[in-house]
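Below is one structure; the comments refer to it alone.
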Amino acid sequence: MSALASTAVTDLAAYTTSTGEAVQFWVLGTVAVIGALCTILMKKAVHSALCLAGTMIILAVFYLANGAYFLGIVQVVVYTGAIMMLFLFVVMLVGVTAADSLKETIKGQRWLAALCGLGFAVLLTAGIGNAAITEFNGLGAANAGGNVEGLAALIFTKYVFAFEITGALLITAAVGAMVLTHRERTERALNQREMAERRVREGKHLPPLPAPGVYARHNAVDIAGLLPDGTPSELTVMQTLRQRGQIRDVSGEALSDLAALEQRSAERLGRDREQEASK
Amino acid sequence: MENLIALLVAAPLLGAVVLLCGGRRLDKAGHWLGTLLALGSFVVGVVLFLDMLGRDGEDRAMHQHLFSWIPVGGFQADVAFQLDQLSMTFVLLITGVGSLIHIYSIGYMEHDERRRRFFGYLNLFLAAMLILVIADNYLLLYVGWEGVGLASYLLIGFWQHKPSAATAAKKAFLVNRVGDMGLSIAIMLMFTTFGTFAFGDVLAATGAETSGAAAPVSEGKLTAIGLMLLLAACGKSAQVPLQSWLGDAMEGPTPVSALIHAATMVTAGVYLITRSGAIFNGAPDAQLAVVIVGAVTLLFGAIVGCAKDDIKKALAGSTMSQIGYMILAAGLGPIGYAFAIMHLVTHGFFKAGLFLGAGSVMHGMNDEVDMRKYGGLRKYMPVTFATFGLGYLAIIGFPGLSGFWSKDKIIEAAFAYDDGIRGWIFGGVALLGAGITAFYMTRVMLMTFFGEKRWQPTPDPHKDPSAEPAADGHGGEMPHPHESPKSMTIPMIVLAFGSVFAGGLFSLNESFVKWLEPVTAFEHPHPVISVPAITGATMVVLVIGVAIAWFMYGKRPVPVTAPRGSLLTRAARRDLLQDDFNHVVLVRGGEHLTRSLVYVDHTLVDGVVNGTAASFGGLSGRLRKLQNGYARSYAVSMLGGTAVLVAATLLMRAV
Amino acid sequence: MNPVNYLYLASLLFAIGATGVLIRRNAIVVFMCIELMLNACNLALVAFSRMHGNLDGQIIAFFTMVVAAAEVVVGLAIIVSLFRSRHSASVDDASLMKL
C-alpha cells in the first residue's frame, strides 16, 4: 500500500497528469455525466438511485486519483453503500410503483430550469477558465505521512471544534429523524368486533369485497370482475396489484364475446324468419 | 346673590335627571317633584329679581363663572352665566309660565301612564331654556338652543304611538337643524372675527365698530353673522321660510304647545336677535332682512290662522304671526327691541292662556280638535270661556288689555322704520296683520263658544276609524262638556290676569322700556304719521276684522263640514302650500341633486377609484401567478438569481 | 491532461444536479439531485486540495459528507412523514404557499 502510494504521490505532484489518468478521466468522466443525466431523466426513482450510485462510485475513483484515499473509500462505503441504500429503502417504503410522470405541470418550468442550469454551467465554466489556474502543487508533501494520518492530524488539531460540532449535528439529526417519523399510538388498537361495527356504522362495503374473475370464466386474482355493463370493477382486485398496475383487463374480450353472441342469435332469428316467410 | 344663578338651572335639571332615571318608583310622586322644582326655580328667579330691583340700572347685570369648559389655547369656552335685565325678563317668563303649565299638566296628563316621563321632559326643557337665556357666551347659548330643540322633539313626539306625532317630531327636529346650522356658522364666524364668543366681548367689539373706534369689523362680516343668526332665529321661531314645522308640532300634548310652541321656546329667536342687537345695529342689510322676514311671517301666519279648523293649528298660525310681530320689532333696531320683548312677555301670557283654554276645551270634548264640531260651549265651561275670552281680547289688542299696549307700540315702531315708503309698507303690513288677527281670533271664539251645538260623537277607537260615526251614538260617545279640574283652571285664571294687566303695568310710566334700556338701548320711534292716528287706525282695522268674522261665523250657522272655500282659503288650509313648496323645491330638488351626485359618484369617483383598484388588481393577479406555491418555481428563481450574481461577479472582475 | 478538468466536470455535475432539482417532482429524486450537487462540490474540493498541496480541502469535503449524511437522515424522515400524511411524494402537492 505504501509503495503504491508513494508512486502515486510522485505522479500527483506533476502539473500535468499521466496519460493513464487522462484516459481514466475522459472515460469515467463521460460515464459520470451520463449517469448524472440519467439520474435526472429516469422515470422511476429506483433507476435514478442506481444511476446516482454509479456516478458516486466514479466520483470515488476520481477522489482516489486526486490523492484523497480516505475520502475515496468513505465515498464508496458510506455514500454509495449506506446513504444510497437508505435512499433505496425509502423509495421502497414510499412506493416503488409511484412512477413519476415526467409531464411538466408548471408552465415553462422545464425550459426555465434547463436555461438556468445551462447558463449556470456556462458561467461556472467561464469562471474556472477565467481563473487561469496554472499551478498544481500536488499532494506529495501533504500525503507523505499517509493520507489518513494527515487527515486525522488535521481533524483532531486544527478542526477539532468543527469535528465535535459536526458530531453533535449528526446526533441531533438522528434524534430529529426519530421525532419526525415516530408516531405515538394514543389509543388502543381496535379489535375485530369494533372494526366490524365501525364498518357498519360507516355504511360502505358491508359485505366482503367482490371476488375477481368474470362469471367463473376467469379466476385469476389479477383479472378484475366485470360489472353488468361490461366495465371492469377495480374493487375486485387487491390493492397491491392495483398500485403496481398489474391488472389484466378482459373487459374488451367479454364485450366482443357478447357482441358475437348477439350477432349469432340475430342471424339465427333472421333465418327463422326467412323460414317462416318461405312457408 | 350671584351664586343663586346656577340654582335656576340646577333645580329643573335635577328634576329631569331624577325623573328620567328614577324609574317606575317615581310614578306616583314624579309630577309633584317636577312641579315643585319648577316652582323652586321660579322662586329663585323672583328672589334674584327683587335683588336686582334694589340696584341701579347699570349695575343690575350679574355674572357667575362656573368652570372652564373647553380651555384650548386661544379657544376659551367657559360655562358662565350672565343675568341682566333681558335675561331676567325671560327667566321670570319661563319659570313663571313654566310653573303654571306644570300645575296645569298635573290635571291634563292625569290619565297618561307616562306622566312621570312627561314631567321629566318638561323639566329638561326648563333647564335648557334657562341655560339658553342666561348663558354669557354664544357657545353655551348653543347648548341651551340644542337642548330646547331636543326637549321640543321629545315632547312633540310624546305620543309616539301616533304616526302623525312621530312624523311631526321628526319634521320639527329636521327643520330646526337648518336653523341650528345657521347658529353654528354664526358662532364660527364670530370666533374667526372676534376671537371670542362671549357676549360682552363680541358685542363690545361690534359696538366699537359702529362708533368708529379701533378694531373695525367690516360691515360685510357683520351682515354675514347677522344673516346666519336670522336663519337660526327663523328655524327656532318658525319664521318664513322655516315655518313649516310649527303647525305640525301641535301634535304634542296641549301644555307643550302652550309652553314650548307658544310662550317660550319659539321666542328664543327673538331673544337671539335682541341679544345680538349690537351686531344687527352694525349691519343694516341684515336688519332689513329681519324686518322683511317678520313682516312676511306675520301675514303668513295670520292668513293660515284664518283657514284652519283645528283649534290648535289656528292658534299655531296665530303664534307664528305674533312672533312675526316680535321679529319685525327686533329688526327695527333700538326703537323696537324693548317692544319686541314686551310683546313677547304679554304674548307669553295670553297665548299660553289661549292654548291652555284650548286644552281645557279639548279635555271636555273627548280630545276633539275640530272647531266645527264645537259650538255653544260658553255655558258648559264658564271658567274656560272667561279666561279664553280675556286672552282673546288681549291678543286682538282690545284697548287697555296687554296686547293693546305691546302690539300698538310695534305698529308705531314699524311706521317709524324710515321716513320713506318702507315705513309705510312695514307699518301697513303690521296694521293689516292686526285686522286679520282680530278676524281669525273672533272666528275661533265664535266657532268654539257661541252658536249652536255641533257636537259629534267621537269615533270609537276600537272600531275602524274611517267608518262613518253612527247617528244614534252607537259608534262612539257623545261628548259631555264639563269644566276642567282646579289644577287646570287656576293656571288659566293666573294667565288671564297676566293677559289683562301685564301690558298696562309695563306701559305705566314706560317702566318696561326703562328696565330694559341698559341692555338693549332705546330710542323713541318717530312714525311717519302721528301716534294717535295710528292708534285710531288700529282700532278701525280691529273693528272691521271682528265685524267680518261676526258676519261670517256669528250671524250665519257654521257648517259642520268645511265648505270648499276660495282658492286662498284652500291654500291657507294647506298652510299656504308651504309643505308642497318644500316638497317640490327641497325634497324633489334634493332628490335630483342626490341622484346626480350619486351618478357622478358612481361613474366618476367610483370609476377612478375602482379603475385604480382594478388596474392594481389586474396587475396583482398577473404578479400573483408568479407566486404559484410550487417550491420548484421558487427554486428556479433562486438558481436564476445565483446565476445572475455569478455573472455579475465575473463581469466585475473582468472589467 | 490538466487537472483543472476535474473542476469543469464538477461544475457540469453541479449544473445537472441543479437542473434535476428544478424539473423533478418526486421528492426522493429531488433529494438525489441535491446529493449529486453535494458530490460535485466534494469533487471540486478534492481537486482544490490537490491544487494547493494541503489536506484542508479534503477535510472540508469530509465534513460535507457528514453534514450530507445528517441532511439525508432528516430529509428522508421528512419525506416519509409527508408521504404518510399526504400519500404522495410529489413536491408540487405541498403547495400550500399558493394564494
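Protein chains get the first letters and strands the later ones, always in sequence-line order, with residue 1 at the start of each.
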> Is the side chain of R110(A) donor-acceptor paired with the backbone N or O of I23(C) at a distance under 3.5 Å, no angle test?
Replying inline: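 Checking the backbone N and O of I23(C) against the side chain of R110(A), no donor-acceptor pair under 3.5 Å is found.
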>> For A68(A), is there any backbone N or O sitting under 3.5 Å from a side-chain donor or acceptor partner on R50(C)?
In response: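 Side chain of R50(C) to backbone of A68(A), a donor-acceptor pair under 3.5 Å: no, none is there.
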Taking C-beta and beyond as the side chain, do [X] and [Y] meet within less than 4.5 Å on heavy atoms?
X	Y	result
V72(C)	Y79(A)	no
Y63(A)	N42(C)	yes
Y6(C)	F25(A)	yes
V90(A)	F83(C)	no
S11(C)	I128(A)	yes

To the nearest 0.5 Å, what is the distance between [atom1] on [X] and [atom2] on [Y]?
X	Y	atom1	atom2	value
E21(A)	N5(C)	CD	CG	10.0 Å
Q109(A)	R25(C)	CD	CZ	10.0 Å
L13(C)	T39(A)	CG	OG1	9.5 Å

If I compare all heavy atoms of [X] with all of [Y], which pair ends up nearest, and what's the gap?
X	Y	result
G129(A)	Y8(C)	CA-OH, 3.2 Å
L9(C)	G29(A)	CD1-O, 4.0 Å
S81(C)	L180(A)	CB-O, 3.8 Å
A113(A)	T19(C)	O-CG2, 3.9 Å
M65(C)	V74(A)	SD-CG1, 3.5 Å
V29(C)	S48(A)	CG1-OG, 4.1 Å

Side chain from CB out, backbone as N, CA, C, O: work out which of these in [X] comes under 4.5 Å of a heavy atom of chain C, or both, or neither.
X	result
T125(A)	both
A162(A)	both
L37(A)	both

> According to the interplanar angle, ranging from 0 to 90°, do the rings of F63(C) and F163(A) count as parallel (below 30°), tilted (30 to 60°) or perpendicular (above 60°)?
Replying inline: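 If you compare the ring of F63(C) with that of F163(A), the planes turn out tilted.
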Partner chain A: residue of [options] with the largest heavy-atom pair count (under 4.5 Å):
options	result
N39(C), V46(C), V74(C)	N39(C)
V4(C), V73(C), L76(C), I79(C)	L76(C)
V30(C), V66(C), L43(C)	L43(C)

>> Please confirm whether the ring centroid of F120(A) lies under 6.0 Å from the ring centroid of F14(C).
In response: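 Yes - the distance between ring centres of F120(A) and F14(C) falls below the 6.0 Å cut-off.
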> Are there more than 12 heavy atoms of other residues, nucleotides or ligands under 6.0 Å from atom CG of L190(A)?
Replying inline: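 Enclosed.
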Report all side-chain donor-acceptor pairs from residues 144-152 of chain A shorter than 3.5 Å, counting only partners two or more places apart or in another chain.
from    : atom 1 : to      : atom 2 : distance (Å)
N147(A) : OD1    : Y69(A)  : N      : 3.4
N147(A) : OD1    : F70(A)  : N      : 3.0
N147(A) : ND2    : G67(A)  : O      : 3.4
N147(A) : ND2    : N143(A) : OD1    : 3.0
N147(A) : ND2    : Q58(C)  : OE1    : 3.0

>> Does any backbone or side-chain atom of A69(C) lie under 4.5 Å from a heavy atom of chain A? Answer side chain, backbone, both or neither.
In response: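 Interface part for A69(C): both.
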> Given that the side chain runs from C-beta out, which part of I60(C) has a heavy atom under 4.5 Å from chain A: side chain, backbone, both or neither?
Replying inline: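 Looking at I60(C), nothing touches chain A.
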>> Does anything in residues 156-174 of chain A form a salt bridge (charged side-chain N to carboxylate O under 4.0 Å, His left out)? List the pairs, not counting sequence neighbours.
In response: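 Passing the test, one end in residues 156-174 of chain A: K158(A)-D56(C).
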> Of the listed residues (T166(A), I155(A), V179(A)), which shares the most heavy-atom pairs with chain C below a 4.5 Å separation?
Replying inline: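 The answer is T166(A).
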> Based on non-hydrogen pairs under 4.5 Å, which of V33(A), I83(A), L71(A), L170(A) is most in contact with chain C?
Replying inline: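 Sorted descending by pairs with chain C, the first entry is L71(A).
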> Could you walk me through whether L41(A) and R24(C) pass the side chain to side chain contact (heavy atoms under 4.5 Å, CB included) check?
Replying inline: CA-CA 8 Å; L41(A) 294 178; R24(C) 292 308 296 261; 5.7 Å; no
